[in-house]
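Below is one structure, written out as structure tokens; the observations come after it.
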Amino acid sequence: MTGIRPRIAIIVGSARPVRIGDQLGAEIARVVEASSDADVRTLDLREIGLPMLDEPLMAALGQYAHAHARVWAAQVADADAVIFLTPQYNGGHPASLKNAIDYLGAEWRGLPGAIVSYGGRGGRGRGAPRGLRGPRRNRTPAAAARLRSRR
């Protein structure tokens, strides 16, 4: 390491009023901080409050018309890696998480990521992780054991 602490963003994917994602996110942040030299930040999609994708241009162009998209893009671009924390709703991930992913393009490219899934049956189903790996398969390599800052 060069002395620059890698920045890990934990993206809490549930935006429901009643949920445990925020509590799980806080615990994951505590564990990551205690076991690494990373700077951990939680990006809670309920607090961020992105509307359903309303950008007039496709994300790949990186020309965001709305302030909420530019803020979201900056938050993700500031991370050296992400942990997607997702519940399993009806065998898949929530619309709030898919929407947040679809807002951006280049910000995801080359960004290491991990998926933590939970659900009523212990998150043992494969729906949420499989659905998230699909759209990101060609954009993000698996999380490395050692993070190196992109800076």
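What you see below is based on every heavy atom in this structure, not just the backbone, and it leaves out hydrogens, waters and symmetry mates.
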Salt bridge (charged side-chain N to carboxylate O under 4.0 Å, His left out) evaluation trace for Glu33 with Arg30: CA-CA 5 Å; Glu33 287 172 339; Arg30 189 191 66 72; over 6 Å; no
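- Other residues, nucleotides and ligands contribute only 12 or fewer heavy atoms inside 6.0 Å of the CZ atom of Arg16.
- Within the 4.5 Å cutoff, the side chain of Ser14 has no heavy atoms near those of the Asp22 side chain.
- Between Phe84 and Trp108, the two ring planes are tilted [angle within 30° to 60°].
- When all heavy atoms of Gly21 and Leu85 are compared, the pair lying nearest together is O-CD2, 3.2 Å.
- No continuous path of ILVMFWY side-chain contacts below 4.5 Å connects Val71 to Leu104, so the two sit in separate hydrophobic clusters.
- Here the shortest heavy-atom pairing between Ala15 and Ser96 reads N-OG, 3.8 Å.
- To the nearest 0.5 Å, atom CG of residue Asp37 and atom CD1 of residue Ile4 are 11.5 Å apart.
- Residue Ala38 comes nearest to Arg5 through the heavy atom pair O-NH2, 2.8 Å, listed as atom of the first residue, atom of the second, then distance.
- What you find for Ala79 and Leu111 is that their closest heavy atoms are O-CD1, 3.3 Å.
- Looking at Arg19 and Val12, their side chains come closer than 4.5 Å, going by heavy atoms from C-beta outward.
- Side-chain atoms of Tyr118 and Thr86 form no donor-acceptor pair, as typed in the model, at a separation below 3.5 Å.
- Distance check, rounded to the nearest 0.5 Å: CG of Leu43 to CG of Asp78 gives 9.0 Å.
- Looking at heavy atoms from C-beta onward, Asp80 lies out of side-chain contact with Ile8 at the 4.5 angstrom threshold.
- Residue Ile10 holds its CD1 atom at 10.0 Å from CD of Glu27, rounded to the nearest 0.5 Å.
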Side chain to side chain contact (heavy atoms under 4.5 Å, CB included) between Asp54 and Tyr103, worked out: CA-CA 9 Å; Asp54 62 352; Tyr103 254 94; 2.9 Å; yes
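- Contact check for Ile83 versus Val116: side-chain heavy atoms found under the 4.5 Å cut-off.
- Smallest separation of non-hydrogen atoms from Glu107 and Tyr64: OE1-OH, 2.8 Å.
- Shortest non-hydrogen contact noted between Asn99 and Leu53 is OD1-N, 2.8 Å.
- Put simply, the side chain of His66 does not reach to within 4.5 Å of the side chain of Pro51, judged on heavy atoms.
- Taken to the nearest 0.5 Å, the CG atom of Asp102 stands 11.0 Å off from the CG atom of Leu50.
- Here NE2 of His68 is found 5.5 Å from CD of Glu55. Values are rounded to the nearest 0.5 Å.
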Derivation and outcome, side chain to side chain contact (heavy atoms under 4.5 Å, CB included), residues Lys98 and His93: CA-CA 7 Å; Lys98 175 73 166 95; His93 53 276; 3.8 Å; yes
